[in-house]
Amino acid sequence: MSHMHKTIELALLELKRFKLPWVEMVEAQLKYCTSVIDGNIGPEKLEELNMGLIAVREIDEKESLHAYLMEIQHHMQRKYLPFSAKVRLGIQRR
């Protein structure tokens, strides 16, 4: 199991502690990330991930889930997005 698989698994476990309306949406995004890593689905929708935005707005940064979501979104977008999408998101390397 890769480091990112383990991080996603931990995030899914932590997510169960939260009883908020966005939990199902984040769970779906995490499962999508796993499918991309496994090569079962393309990365076309990675540009639409908003787990990091939810983490920043809804979860205290001291929570483990906050760190997991930020790490996962950063990894997925850096590794799998084409350069043009990174430019649109303002995350391209300079």
*How would you list, by chain and number, every residue that makes a side-chain contact (heavy atoms from CB on, under 4.5 Å) with R57, sequence neighbours excluded?*
L53

*Which pair of non-hydrogen atoms, one from G42 and one from V36, has the smallest distance, and what is that distance?*
O-CG2, 3.7 Å

*Return the set of residues passing side-chain contact (heavy atoms from CB on, under 4.5 Å) with H5 (not counting sequence neighbours), or none when no residue passes.*
M1, S2, T34, I37, D38

*Hey, what do you get for CD (E44) to OH (Y80), rounding to the nearest 0.5 Å?*
13.0 Å

_Listed partners of Q77 passing side-chain contact (heavy atoms from CB on, under 4.5 Å), at least two apart_ = L49, Q73, L81, L89, I91

*Just jot down the side-chain hydrogen bond (donor to acceptor under 3.5 Å, both in side chains) partners of D60, sequence neighbours excluded, or say none.*
none

*What heavy-atom pair brings H66 and A55 nearest, and what distance separates the two atoms?*
CD2-O, 3.1 Å

*With sequence neighbours left out, what residues match K31 under side-chain hydrogen bond (donor to acceptor under 3.5 Å, both in side chains)?*
E27

*What residues form a side-chain contact (heavy atoms from CB on, under 4.5 Å) with M25, not counting sequence neighbours?*
W22, Q29, N50, I54

*Output all residues satisfying side-chain hydrogen bond (donor to acceptor under 3.5 Å, both in side chains) with E71, sequence neighbours left out; order by chain, then residue number.*
H3

List, one per line, each side-chain donor-acceptor pair under 3.5 Å for residues 8-19, sequence neighbours excluded.
from: E14; atom 1: OE1; to: R17; atom 2: NE; distance (Å): 2.9
from: E14; atom 1: OE1; to: R17; atom 2: NH2; distance (Å): 3.1
from: R17; atom 1: NH2; to: E63; atom 2: OE1; distance (Å): 2.4
from: K19; atom 1: NZ; to: K16; atom 2: O; distance (Å): 3.1

*Output the rest of the hydrophobic cluster of V56: all Ile, Leu, Val, Met, Phe, Trp and Tyr residues reachable through side-chain heavy-atom contacts under 4.5 Å, sorted by chain and number.*
M70

